[in-house]
Amino acid sequence: MNKKQNQTEIRKDKLTKLRESGVNPYPHSFENRIDALEALKIKDGVKVRVCGRIMSRRIMGKSSFAHIKDVSGQIQVFMAVDKLGRENYDLFRDTDIGDFIGVEGELFVTRAGEKTVMAEAFTILSKSLRPLPEKWHGLKDVETRYRKRYLDILVNPESSKILKARSIITAAIREFLESRRFCEVQTPVLQDIAGGAAARPFKTLHNVYNTDLYMRIAPELYLKRLLVGGWERVFEMGTNFRNEGLSSMHNPEFTMLEVYAAYTDYNFMMDLAEEMVKSVAGKIVDEGFSVPENIMGEWVRKDYWELLKVHTGEDFTPEITYDEVKKKAEYLKIPPGKDSIEKMLDRIFSHYVEEKLSDPTFVTGYPSSASPLAKQSPENPGIAERFEIFINGSELGNAYSEQNDPEIQKEVFLKQASGSTSPVDNDYIEALEYGMPPASGLGIGVDRLTMVLTGAETIREVLLFPMLKPNNADTGE
RNA sequence: GGGCCCGUAGCUCAGCCGGUAGAGCACCGCCCUUUUAAGGCGGGUGUCGAGUGUUCGAACCACUCCGGGCUCACCA
């Protein structure tokens, strides 16, 4: 074995040697195994079959210890030449950290007090060709953790824990909504008009139809078509795509939950959202996670204009004029540019108010002009029947009494279209003309909900494979 | 897109007022039958992110590029 070999080359040589000696380094299965956690609960002297990935090895001449890891945890195995025989023991000595093995033998407790499997037989289940990150410091390099998430979840328990919490959260959301008779659906991701939100879409091409298509920016307009069709309670949890910048709060593809309920208004959705998040948080706690305590407390309701007033010290009312807002924006050091009145208000709100909303808060009283798909308040047409949910200073959800008046909706769409390149979804207007029952709808950012419940500081920590720039120059070869 | 910071061995990191690189773990060889960050003896295995320039000489200085982080801007 020459000195210049790197670790992968050495492992590949071992693989070749295994094959030459008739050992299959990649067998098809390992039956009748129990997991490590289960094995640790069984009493001494009982024979068990366990399997997993070798995480550490301590070779001591004619006997050796190793820890193997499976989904449940780790268990120690003991390999001794007089139990295994010379040939098998040598085979074990040639294994590497990272290899998957299966072990059969009786349980015993070592001198140091650790329950251990005394191997009578062992099998290589999958040969590993690359060295794993270090056991003690783990894998810290952020870029590698995201690009090679499999290594991150293998060696960093905290990462694995947060991402597993996400699975519990999505399961809990489904359970909650199904228990209230909501029906889960899938609507198109590829759309010819990307509607339901204001964001730049990803564009793609369908070959056979030879037509441009867009990745959805929201499922909203399709879900409301289902209400037209008579389905009263629907929800969809799936990926939306927005062709915009990345930040600790934004990933170009993200998971959105949208819920619609016929014959209800946004007050219903306020209660539903609070109950749902608390229920999901409860599930997480049941699984051994801790969640911020303010989640379980009373969720407060606050008025948009009142919040602006309190946090800027300036007087804001729904009747405020464009010129007045512009003046205040300049005074508050928010450059107004060419923004519309609602855009300026939104920027002031984002800058001065959002970060202050740390306890769960329903913000109501949004201007109608900023809420094109929401119904107006009967008392004040300038105000939409809409709320947003803020927790820990970030926007978690958005809901409203859905606009179902086809003529008003069309007018709003036409007005929007005149100021941008976004086309009017006439097919949706037509659907509304057939009649959509009064309804409320709710959108919750599942990634952000996971962040809130797990305490993750960036959205990348709750995404298995967050978007990074393709790195073709260095693929690790 | 702007500003600041970062990229050195498989992993975690030192080295950076210029003299072709070092530690721990991992790995390789030898010893070792209850270890557990096993231990003992011996061994650095490297395109110092890439390229160009300055220089007798560059991991180190300059410029460009690639990738990442934070932040501002943008963002329903």
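Each chain gets a letter, A, B and so on, in the order its sequence line appears, and its residues count up from 1.
Side-chain N/O atoms of A:R145 include none lying less than 4.0 angstrom from OP1 or OP2 on B:G68. For the pair A:R111 and B:U35, the criterion of a side-chain N or O lying under 4.0 Å from OP1 or OP2 is met. OP1 or OP2 of B:C25 has not a single side-chain nitrogen or oxygen of A:K135 nearer than 4.0 Å. Contact annotation: A:R58 side-chain N/O to B:U35 OP1/OP2 distance is not under 4.0 Å.
Between the side chain of A:T110 and the base of B:U35, at least one donor-acceptor pair of N or O atoms lies under 3.5 Å. Between the side chain of A:H137 and the base of B:C11, no donor-acceptor pair under 3.5 Å is found. For A:Q7 and B:U45, a side-chain-to-base donor-acceptor distance below 3.5 Å is absent, hydrogens and geometry of angles not being considered. If you check distances only, the side chain of A:E114 does reach the base of B:U36 with a donor-acceptor pair under 3.5 Å.
The same atom, P, is picked in B:C11 and in B:C30; the two are 27 Å apart, to the nearest Å. Separating the P atom of B:U8 from that of B:G43 is a span of 27 Å, rounded to the nearest Å. Taking atom C1' in both B:A23 and B:C17, one finds a spacing of 24 Å when rounded to whole Å. To the nearest whole angstrom, the two C1' atoms, one in B:C28 and one in B:U52, are 39 Å apart.
In this structure, the NZ atom of A:K148 is 14 Å from the P atom of B:G68, given to the nearest Å. Going from atom CZ of A:F65 over to atom P of B:C32 covers 17 Å, rounded to whole Å. A:D90 places its CG atom 11 Å from the P atom of B:C30, with the value rounded to the nearest Å.
Residue A:R86 is classed as having no contact, given no heavy-atom separation below 4.0 Å to the nucleic acid. Residue A:E244 is classed as a sugar-phosphate contact, given heavy-atom separations below 4.0 Å to backbone atoms only. Contact annotation for A:D141: backbone-only contact, meaning every heavy-atom pair under 4.0 Å involves sugar-phosphate atoms and none involves a base. Within 4.0 Å of A:L468, counting heavy atoms only, lie sugar-phosphate atoms of the nucleic acid but no base atom. Residue A:V81 is in base contact, counting any heavy-atom pair closer than 4.0 Å across all strands shown. Contact annotation for A:R460: backbone-only contact, meaning every heavy-atom pair under 4.0 Å involves sugar-phosphate atoms and none involves a base. Within the 4.0 angstrom heavy-atom criterion, no nucleotide atom of any strand lies near A:R11. Base contact: A:A198 has a heavy atom under 4.0 Å from a base atom.
Side-chain proximity of A:E134 to the nucleotides B:U33, B:C11, B:A26 is greatest for B:C11. In this structure, the nucleotide among B:C28, B:A76, B:G69 sitting nearest to the side chain of A:P372 is B:A76. Side chain of A:K140, nearest nucleotide from B:C13, B:A38, B:C75: B:C13. Of the candidate nucleotides B:C28, B:U35, B:A76, B:A76 has the atom nearest to the side chain of A:Q416.
Screening A:V363, A:N398, A:L442 against A:F387 for a side-chain contact (heavy atoms from CB on, under 4.5 Å) leaves a single residue, A:L442.
For NZ of A:K410, the number of neighbouring non-hydrogen atoms (other residues, nucleotides, ligands) closer than 6.0 Å is 12 at most. Counting heavy-atom neighbours within 6.0 Å of A:H311 NE2, excluding the residue itself, gives a total above 12. Counting non-hydrogen atoms of neighbouring residues, nucleotides and ligands closer than 6.0 angstrom, the NZ atom of A:K69 exceeds 12 such neighbours. In the displayed structure, A:K327 atom NZ is contacted under 6.0 Å by at most 12 heavy atoms of other residues, nucleotides or ligands.
Interatomic distance, CE of A:M79 versus CG of A:L91, reported as 9.5 Å (0.5 Å rounding).
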Item to check | Audit row: A:R86, A:D90, salt bridge (charged side-chain N to carboxylate O under 4.0 Å, His left out) steps and yes/no | outcome: CA-CA 6 Å; A:R86 186 82 245 174; A:D90 286 345; 3.1 Å; yes

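When both pairing distances are held under 3.5 Å, B:G19 makes a Watson-Crick or G-U pair with B:C56. B:G1: Watson-Crick or G-U partner is B:C72, with both key distances under 3.5 Å. In a base pair of the Watson-Crick type (N1 to N3 plus N6-O4 or O6-N4) or a G-U wobble (N1-O2 and O6-N3), with each distance short of 3.5 Å, B:G51 is matched with B:C63.
For the residue pair A:K375 and A:N404, a side-chain donor N or O sits within less than 3.5 Å of a side-chain acceptor on the partner.
Formation of a donor-acceptor pair under 3.5 Å by the A:Q409 side chain with backbone atoms of A:P372 is found in this model.
Residues from residues 340-353 of chain A placing a heavy atom under 4.0 Å of any atom in RNA chain B, listed by number, are A:K343, A:R347.
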